[in-house]
Every structure is written in structure tokens, then in C-alpha cells.
Asker: 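Just passing along the structure, written as C-alpha cells.
The first residue in the sequence is number 1, and the count goes up from there.
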Amino acid sequence: RDYVGMGPGGDDFQLNPLVVDPEGDDLRLTERSPCRGTGEDGSDVGALPYEGAPSATLAGVLTEDLVLTARDEPWVIEGDLIVPHGITMTVEPGAQVELLASDLMRSGRDVNRVEVRVYGTLIASGDGDGRVVFRSGGPAPAPGDWYGIQLLEGSDGHALTDLDIEDAYHALQVETVAAVDIERARIVNSSPNGVAVDFRGAGTYRLVDSWIRGGAHGVRIDDANGD
């Protein structure tokens with residue numbers, strides 16, 4: 001247990017700090033650690049600060065633009081991946097991304113499922129060289145293995161075309177007031193929702209020439225009050 005005989009403070013957060021080697025007691029923060037720069041004075045939080053050590057896994061908070069290229073083996077996201085304001089994550093045509101059926105970060109809206117949380121920009125567009133694919137990396141892929149892709153408030157500039165999203169809980173959640181165009185998407189085996197929109201009184205959302213199969217709702221739209 002994290003707390004015994006006491007409760008967390010208002011500024012506490014509980015998630016994987018992504019240190020170099022917790023088993024070997026090397027507690028230096030790594031590149032994508034969520035503890036970097038989160039102190040009251042902008043300093044690192046933890047026993048030891050970040051000193052340039054790379055992160056061993058694809059999880060945590062991006063500190064610079066990320067490009068996932070097409071290659072023979074899939075890219076594997078092991079825990080929540082956060083794209084902050086001002087950062088762009090690009091998934092190139094033909095790239096395949098697998099998201100594990102457990103969350104290394106133990107954070108976000110569901111501590112058991114991997115989330116791609118976008119506050120910046122997501123570009124995931126296939127073309128004649130191949131579609132972009134997001135799917136479960138679990139041993140027996142099933143609906144809800146991973147949480148989904150979240151386009152969160154303040155994010156913008158997204159490009160989502162010719163992509164497949166499989167085996168998610170909410171395949172695509174839209175919570176931004178920026179315009180979002182989704183074209184030629186294939187969303188399958190996601191439950192309960194294919195596309196879930198939290199309408200916040202503004203924003204234009206287009207879903208064009210796309211196919212959604214499985215789940216309780218293909219497209220679900222709620223207003224800011226949850227109606």
C-alpha cells in the first residue's frame with residue numbers, strides 16, 4: 001500500500017516514475033519520466049533528477065516530437081503515452097503500433113489499460129504505402145484490451161486518415177474544441193464505443209468514408225453535462 005495511517009496530499013500523484021533501474025536501486029529519472037519538471041519550482045520530483053538517461057520503453061511523457069516509421073516489427077507501447085501541448089506524435093504510413101493489455105504507468109483514466117493521451121498534435125495518416133494500424137499487443141487480442149486514443153482539450157492540428165484502430169475500449173475519444181477530421185478509418189472490436197465525442201459547445205467533427213464494427217455504440221456524442 002502507498003499510504004498507511006494517512007492519506008495522499010492534494011498535490012500527490014501516483015504513477016510509474018520511470019527510473020533507470022528500480023530493482024537495482026538506480027533511481028535516476030529517465031527521458032520520458034512524468035516526474036520531470038513537476039516540482040513547485042519546476043524542478044524534478046524524486047530521489048534523483050534526470051541526467052540524460054533514455055527511457056527503455058515507449059511510455060510516459062514525450063519531451064520532443066516522436067515519429068514512428070514503417071518497419072518489419074510493430075512499435076510496442078507498454079504504458080500510457082502522453083503527448084503534451086506543443087509536441088507532435090507522427091505515425092507514418094505503413095507503421096503498426098501495438099498497445100499492451102496492461103498499463104506499465106498505472107495512471108490515467110484506467111490504471112489497467114494503456115491510453116494515448118494527446119494534448120498536442122497527433123498525425124496518423126496512411127497512404128498508398130500502407131495504412132496506419134493501432135491494435136492490441138495482448139496474447140489473445142480482445143475488445144477493451146487497451147483504452148484508446150484521446151484527443152484532449154487544447155489539442156489541435158490532428159490528421160487522421162487511412163488508419164485502423166482495433167481492440168480498444170473507447171477507440172477514439174474527442175474532447176477538443178478544435179476541428180477534427182477522420183477519413184477512411186476502420187474501427188473494429190472496440191467496446192463500448194468506436195468514436196466518443198464530449199461536445200463542449202464548439203468544434204467541428206467529421207467522420208468520412210469510415211467503417212465501425214462491434215461495440216455498443218459506433219459513434220456516441222455527449223454534451224459537457226454528460227447528456
Asker: For Val67 and Glu92, run side-chain contact (heavy atoms from CB on, under 4.5 Å): C-alpha distance rounded to whole Å, both residues' side-chain angles, the deciding distance at 0.1 Å, then the answer.
Answerer: CA-CA 7 Å; Val67 179; Glu92 294 190 336; 3.5 Å; yes
Asker: Are Leu58 and Leu68 side-chain neighbours, meaning at least one heavy-atom pair lies under 4.5 Å?
Answerer: yes
Asker: Who are the side-chain contact (heavy atoms from CB on, under 4.5 Å) partners of Ala101, not counting sequence neighbours?
Answerer: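 With neighbours one apart ignored, the set is Asp145.
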Asker: Only counting residues at least two apart or in another chain, list the ones meeting side-chain contact (heavy atoms from CB on, under 4.5 Å) with Glu183.
Answerer: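 Only Thr161, Asp181, Arg206, Val208 meet the side-chain contact (heavy atoms from CB on, under 4.5 Å) criterion with Glu183.
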Asker: Enumerate the ring pair (Phe, Tyr, Trp, His ring centres under 6.0 Å) contacts for residues 90-117, please, sequence neighbours excluded, ordered by first and then second residue.
Answerer: none
Asker: Any ring pair (Phe, Tyr, Trp, His ring centres under 6.0 Å) involving residues 68-115? Give me the pairs, sequence neighbours left out, ordered by first then second residue.
Answerer: His85-Tyr119
Asker: Are the side chains of Ile123 and Val91 in contact, using a 4.5 Å heavy-atom criterion?
Answerer: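 The answer is no, as the side chains (C-beta and beyond) never meet within the 4.5 Å cut-off.
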Asker: A side-chain contact here means heavy atoms from C-beta on lying under 4.5 Å apart; do Leu207 and Ile212 qualify?
Answerer: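 Touching, per the 4.5 Å side-chain cut-off.
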Asker: Restricting to side-chain contact (heavy atoms from CB on, under 4.5 Å), what partner residues turn up for Pro22, sequence neighbours left out?
Answerer: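 With neighbours one apart ignored, the set is Val19.
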Asker: Using side-chain heavy atoms (C-beta onward) and a distance below 4.5 Å, is Asp156 in contact with Thr121?
Answerer: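 The answer is yes, as the side chains (C-beta and beyond) meet within the 4.5 Å cut-off.
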Asker: Partners of Ser107 by side-chain hydrogen bond (donor to acceptor under 3.5 Å, both in side chains), sequence neighbours excluded?
Answerer: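 For Ser107 the side-chain hydrogen bond (donor to acceptor under 3.5 Å, both in side chains) partners, ignoring immediate neighbours, are Asp80.
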Asker: Mind listing the closest non-hydrogen atom pair of Gly120 and Ser155 along with its distance?
Answerer: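 It is O-CB, 3.2 Å.
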Asker: Can you tell me how far CZ of Arg220 sits from CD of Gln173, rounded to the nearest 0.5 angstrom?
Answerer: 10.5 Å
Asker: Run the side-chain contact (heavy atoms from CB on, under 4.5 Å) test against Asp110 and tell me which residues pass, sequence neighbours left out.
Answerer: Asn112, Arg113, Glu115, Tyr147
Asker: If you compare all heavy atoms of Pro17 against all heavy atoms of Cys35, which two are closest, and at what distance to 0.1 Å?
Answerer: CB-SG, 3.7 Å
Asker: Cut-off 3.5 Å, no hydrogens considered: what does the side-chain donor-acceptor table look like for residues 45-57, sequence neighbours left out?
Answerer:
from  : atom 1 : to    : atom 2 : distance (Å)
Ser55 : OG     : Thr30 : OG1    : 2.9
Ser55 : OG     : Glu31 : N      : 3.4
Ser55 : OG     : Arg32 : N      : 2.8

Asker: Within this structure, what is the CG-CD1 distance for the pair Leu160 and Ile165, rounded to the nearest 0.5 Å?
Answerer: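 Nearest 0.5 Å value for the CG-CD1 distance: 7.5 Å.
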Asker: When clusters are formed by joining ILVMFWY residues with side-chain heavy atoms under 4.5 Å apart, either directly or through shared neighbours, do Leu29 and Val61 land in the same one?
Answerer: no
Asker: Using the test side-chain hydrogen bond (donor to acceptor under 3.5 Å, both in side chains), find all partners of Asp26 that sit at least two apart in sequence or belong to another chain.
Answerer: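 Asp26 satisfies side-chain hydrogen bond (donor to acceptor under 3.5 Å, both in side chains) with Arg28 only.
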Asker: Can you list every pair that meets side chain to side chain donor-acceptor pair (under 3.5 Å) and has a residue in residues 62-72, with sequence neighbours left out?
Answerer: none
Asker: Say you draw a straight line from CG of Asp167 to CZ of Phe134; how long is it, rounded to the nearest 0.5 Å?
Answerer: 13.0 Å
Asker: Does the side-chain contact (heavy atoms from CB on, under 4.5 Å) test come out yes or no for Leu99 and Val116, once each step is laid out?
Answerer: CA-CA 9 Å; Leu99 302 100; Val116 178; 3.8 Å; yes
Asker: Side chains of Arg106 and Val111: closer than 4.5 Å at any heavy-atom pair?
Answerer: yes
Asker: Should Leu18 and Ile82 be counted in the same cluster of Ile, Leu, Val, Met, Phe, Trp and Tyr side chains packed under 4.5 Å apart?
Answerer: no
Asker: My understanding is that only residues two or more places apart in sequence, or in another chain, count here; which of them pass side-chain hydrogen bond (donor to acceptor under 3.5 Å, both in side chains) with Arg184?
Answerer: Asp162
Asker: Do His170 and Gln150 have side chains that approach each other closer than 4.5 Å (heavy atoms only, starting at C-beta)?
Answerer: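 Not in contact.
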Asker: Tell me whether Leu62 shares a hydrophobic cluster with Trp146, the cluster being built from Ile, Leu, Val, Met, Phe, Trp, Tyr side chains joined at under 4.5 Å.
Answerer: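 Yes, Leu62 connects to Trp146 through the hydrophobic network.
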Asker: Would you say Ile149 and Val177 are hydrophobically clustered, going by side-chain heavy atoms of ILVMFWY under 4.5 Å?
Answerer: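 Ile149 and Val177: separate clusters.
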Asker: Salt bridge between Arg117 and Glu153, side-chain N to carboxylate O under 4.0 Å?
Answerer: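 Salt bridge: no.
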Asker: What is the minimum heavy-atom distance between Leu81 and Leu66, and which atoms define it?
Answerer: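 Heavy atoms only, the tightest pair is CD2-CD2, 4.3 Å.
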Asker: If Ile, Leu, Val, Met, Phe, Trp and Tyr residues are connected whenever their side-chain heavy atoms lie under 4.5 Å apart, and connections chain through other members, are Leu100 and Met105 in the same group?
Answerer: no
Asker: Do Glu98 and Val133 have side-chain heavy atoms sitting under 4.5 Å apart?
Answerer: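 They are not in contact (no side-chain heavy atoms under 4.5 Å apart), so the answer is no.
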Asker: Would you be so kind as to tabulate the donor-acceptor pairs closer than 3.5 Å made by side chains of residues 185-192, with sequence neighbours excluded?
Answerer:
from   : atom 1 : to     : atom 2 : distance (Å)
Arg186 : NE     : Asp164 : OD1    : 3.3
Arg186 : NH2    : Asp164 : OD2    : 3.1
Ser190 : OG     : Ala168 : N      : 3.2

Asker: Got Ile77 and Leu104 here, is their nearest side-chain heavy-atom distance under 4.5 Å?
Answerer: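 They are not in contact (no side-chain heavy atoms under 4.5 Å apart), so the answer is no.
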Asker: Quick one: CG on Leu172 to CD1 on Ile182, what's the gap to the nearest 0.5 Å?
Answerer: 4.5 Å
Asker: Could you go through the side-chain contact (heavy atoms from CB on, under 4.5 Å) check for Leu122 and Thr90 one step at a time?
Answerer: CA-CA 6 Å; Leu122 175 63; Thr90 301; over 6 Å; no
